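Just so it is clear, the model here is predicted, and its values are computed rather than measured.
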Amino acid sequence: MTTVSAGPVTVAQRLREGMAGGVLSFPLTAFRDDGSLDPDGFRAYVAERLAAAPGAVFPACGTGEFFSLDEDEYRQVVTITVEEAAGRVPVVAGTGYGWAQAVRFARIAEDAGADALLVLPHYLVAAPQDGLVAQLEQIAARTPLPLIAYQRGQVAFTAGSLRRIAALPNVIGLKDGHSDLDRLQRLTLAAPEDFLFFNGASTAEIQARAYATVGVPAYSSAVHAFAPEIAGAFFTALRDNDHGTVGKLLRDFYVPLVELRDRVPGYAVSLVKAAARLRGHRVGPVRAPLTDPSPADLAALTTVLTAGLDLVGASL
């Protein structure tokens, strides 16, 4: 499915409008019990995410287990998302590893009709600032799609490096997963006025108010992947400065969820997928090296999720 890109400026404008009106959705990738890709299950699941009115949808990223997909599976995931979105919201596909492999995925995403790419942290090695910039330069030179850089783990840009990547014609934004607000403030001050920033911390709602104080109100929501009712209620309360509702949702749902998430490495994805299964979504298990929650942790998740849904008048 080859489409003509709308161009970085138009995509950035659509993303900015979407970020102002809803959370950013990072759908899970559906697998069968034997670990194979379940395209029909994914199509049904992503259609339901889109029905919950996200600002944009980001398939095959961290929550979507990009790291476990082969190129054919990636093509199917992005294509299905583009088909289901049907132009209603921007589709930003994940890409990553070294720049050469990232370009292979970028070309698949372009062919599938994605609007932009989220460049996930490169594989394995630490790198100096010049190398981090060069990684974006190499990808940007080989795809017409707009790029959003993702700083997390071994990727952390300085203000000087941010200026350099923002000068690339098709680099339009930055997703931050470090939650270093001092560094982030310096980056926002160094960036062009129209450069996009959003909060990409795990369970981003926990830090949403703090990010907003440095000019980054937009955020991705893992909770949207399994409880859009809760994610939507939080977004609305935050936007409307309803501090009572924000505090109650944080105290009675988000904080208990994060405490459970922090018990086991990888639960930032595994718990999200388990919660989606509890809601009846056909998303299947996680792939190795991730592991599904233990029975005890699944029971705890059920308690936390039930409490959160009760707060917004919903149920399992």
Checklist entry - In Å, rounded to the nearest 0.5 Å, how long is the span from OG of Ser270 to CG of Asp292? => result 6.0 Å
Checklist entry - What distance do Arg16 atom CZ and Phe195 atom CZ have between them, rounded to the nearest 0.5 Å? => result 10.5 Å
Checklist entry - ring-ring contact (aromatic ring centres under 6.0 Å, His included) with Phe26: which of Phe226, Tyr219, Phe58? => result Phe58
Checklist outcome for this item: So CG of Leu117 and CD1 of Ile139: to nearest 0.5 Å the spacing works out to 8.5 Å
Next on the checklist: Would Gln13 and Thr10 count as a side-chain hydrogen bond (donor to acceptor under 3.5 Å, both in side chains) here? Give the steps.
Outcome noted: CA-CA 5 Å; Gln13 290 172 340; Thr10 300; 4.6 Å; no
Checklist entry - For the rings on Tyr254 and Phe234, is their centre-to-centre separation under 6.0 Å? => result yes
Checklist entry - Do the non-hydrogen side-chain atoms of Thr302 and Leu278 ever get within less than 4.5 Å of each other? => result yes
Checklist entry - Transitively linked via ILVMFWY side-chain contacts under 4.5 Å: Leu290 with Val258? => result no
Checklist entry - Hey, are Ser202 and Arg261 close enough side-chain-wise for a donor-acceptor pair under 3.5 Å? => result no
Item to check | Single-linkage hydrophobic cluster, 4.5 Å side-chain cutoff, Leu28 and Val91 together | outcome: no
Checklist entry - Thinking salt bridges, do Arg186 and Asp180 make one under a 4.0 Å N-O criterion? => result no
Next on the checklist: Leu15 vs Ile148, test: side-chain contact (heavy atoms from CB on, under 4.5 Å). Steps then yes/no.
Outcome noted: CA-CA 11 Å; Leu15 281 167; Ile148 298 171; 4.0 Å; yes
Checklist entry - Is there side-chain contact between Leu37 and Tyr74, with heavy atoms separated by less than 4.5 Å? => result no
Next on the checklist: If hydrophobic clusters are built from ILVMFWY residues whose side chains come within less than 4.5 Å, do Phe198 and Leu189 share one?
Outcome noted: no
Next on the checklist: Between Glu137 and Arg142 (salt bridge meaning N to carboxylate O under 4.0 Å), is one present in this structure?
Outcome noted: no
Checklist entry - Any cation-pi pair here, Arg287 with Phe31, using under 6.0 Å and within 45°? => result yes
Checklist entry - Cluster question for you: counting only ILVMFWY and a side-chain heavy-atom cut-off of under 4.5 Å, with indirect links fine, are Ile206 and Leu24 together? => result no
Next on the checklist: Under the rule for side chain to side chain contact (heavy atoms under 4.5 Å, CB included), what residues qualify as partners of Ala190, not counting sequence neighbours?
Outcome noted: Ala159, Arg163
Item to check | Heavy-atom side-chain proximity of Val92 to Asp115 below 4.5 angstrom | outcome: no
Checklist entry - Transitively linked via ILVMFWY side-chain contacts under 4.5 Å: Val119 with Leu174? => result yes
Item to check | Thr79 and Arg75 side chains, donor-acceptor separation under 3.5 Å | outcome: no
Checklist entry - With a 4.5 Å limit on heavy-atom distance, are the side chains of Pro285 and Lys273 in contact? => result no
Checklist entry - Is Lys175 positioned over the aromatic face of Tyr150, cation under 6.0 angstrom from the ring centre and no more than 45 degrees off axis? => result yes
